[in-house]
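First up is the structure itself, then whatever we jot down about it.
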Amino acid sequence: MERFHTTIGEHAVQIDCASPSLFSLLLNEYPAVELPRAAGPDMRLTIEEGYGMPFVDYEVAVTSEPGKVLYRRADYVIETEPDYERARIRAYDPLALKHAMMNYYSAYIVHHRWGLLLHASCAVDGGKAHLFAGPSGAGKSTAAKLSYPRTLLSDEAALVKIAADGVAVWNSPFRSELPTTHPRMICPLASIQLLVQSGHNLRIRHPASTGFMKLPSYVFYWVHSPSETANIISLLQLLMGRVPVYELHFQNNSSFWELISSCNVAI
Amino acid sequence: MQRRYIRKMNFETVRLDEDWIVIDTERLMVTRLNDVGWRCWTLLGHPQTVDSLVQALRRDYEEVGEAAESDIELFLGELSQCGLLEHVGA
């Protein structure tokens, strides 16, 4: 069993893994860091291979038992303590492990009311972060690629910290195809775009209530229990009170940024 | 005798700008209400009929038109369809 430490968002993570192939994959995606001596990890993960079958679908069954919560998909299973501070992840292959890590981290940050992991790409313009959210195929990766040379904080799964004193996006290690360039970057969130691919550019601001109703479908996994749902509601309410949500119709070129950047100037 | 309605329990509510949002935390369904809808929702904490709601709204708001009864019936039907209301025995 080999061990290393890494950080995701502002959380220190300890990872133990007995599989050499998964260990090198993990080290590649989650760079090793030295934790300060006084600080223990926020979460302790044990990773194993050899579970289940190749990817079937995204359906995750969540069950609770005394002392643990289980997230089970055809190609992975997560067994976590109820406070999410220790978990065992068993995965079929690297894809399953990647999805399991996102599943676990999303549930962790909702449980601790730190923030949300959203199905969104995120680019930085003028020191502010702008999210592009949507279901699979809506254009998150396309918007990210069209945002070059702006720094990307995520290309499919955005880490959004939501607190009373502000909302910020942290660099996401959960990448689809565009690698991390600024692993320590954190930017205040200025806007959320719900994407619609179109023949023209148009940006329409939604009422906060519409944003509140639409955003839950872009949140990665959480346990559908009353307490966790209350956490989601509280986080979304804070988020909608601080960040505007727009519907963005965009052409397949970078001209949509004129609508976003000009808005920055007006502010 | 008019049908009486009461709202179900176990809902979270959130205020955002001019709207109220009612969240069914078990079924993860959300319903948006405007100010008048919210007033009705609070009144529905106790059993209400179409007439009792219309009378209350006429007390609270100056411009409640002739179509108020049919609007309220429609509104109660929609809330019932969303699973937010239940009927109360006479």
Side-chain angles (χ1 to χ4, degrees), chain A residues 58-64 71 106-107 110-111 113 116-119 133 135 162 164 167 189 191-192 194 204-247, chain B residues 5-46 48 53 56-57 60-65 67-68 71-86:
Chain A
Y58 291 100
E59 201 63 38
V60 177
V62 188
T63 53
S64 296
Y71 293 79
S106 177
V110 168
H111 179 78
R113 287 202 189 198
L116 299 171
L117 184 65
L118 293 172
H119 287 279
I162 302 167
V167 179
L189 178 58
S191 72
I192 299 171
L194 307 181
I204 307 160
R205 183 161 179 179
H206 280 310
S209 55
T210 303
F212 183 94
M213 294 170 79
K214 287 182 177 285
L215 278 177
S217 60
Y218 303 128
V219 178
F220 278 78
Y221 313 92
W222 82 92
V223 179
H224 293 175
S225 67
S227 64
E228 301 296 298
T229 302
N231 287 350
I232 290 271
I233 291 167
S234 159
L235 290 165
L236 284 174
Q237 191 175 10
L238 265 180
L239 180 61
M240 291 300 93
R242 285 159 180 73
V243 180
V245 176
Y246 300 87
E247 184 171 297
Chain B
Y5 299 85
I6 191 167
R7 71 177 190 226
K8 290 183 183 170
M9 297 297 138
N10 300 324
F11 289 92
E12 297 270 351
T13 55
V14 169
R15 176 106 202 237
L16 286 166
D17 296 336
E18 302 303 309
D19 295 321
W20 288 92
I21 296 177
V22 178
I23 305 144
D24 179 338
T25 53
E26 284 186 9
R27 295 187 301 152
L28 298 177
M29 284 182 60
V30 291
T31 305
R32 176 168 36 196
L33 302 175
N34 63 14
D35 187 53
V36 177
W38 175 252
R39 179 67 185 127
C40 292
W41 177 257
T42 56
L43 290 165
L44 284 159
H46 300 285
Q48 302 289 341
L53 286 172
L57 293 179
D60 294 347
Y61 297 90
E62 289 180 3
E63 295 181 9
V64 176
D71 288 347
I72 291 293
E73 271 184 42
L74 194 63
F75 176 69
L76 293 173
E78 286 175 357
L79 290 187
S80 297
Q81 272 193 337
C82 293
L84 299 175
L85 297 184
E86 55 193 355

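Every chain is numbered from 1 and lettered A, B, ... according to where its sequence line falls, protein lines coming before strand lines. Quantities reported herein were computed from a predicted structural model and do not represent experimental measurements.
- Residue A:E228 holds its CD atom at 12.5 Å from OG1 of B:T25, rounded to the nearest 0.5 Å.
- Counting non-hydrogen atoms of neighbouring residues, nucleotides and ligands closer than 6.0 angstrom, the CD atom of B:E18 reaches no more than 12 such neighbours.
- Contacts from residues 232-243 of chain A to chain B, taken as heavy-atom pairs separated by less than 4.5 Å, involve A:I233, A:Q237, A:M240 in sequence order.
- In terms of heavy-atom proximity, A:S209 sits nearest to B:D19 at OG-OD2, 2.6 Å.
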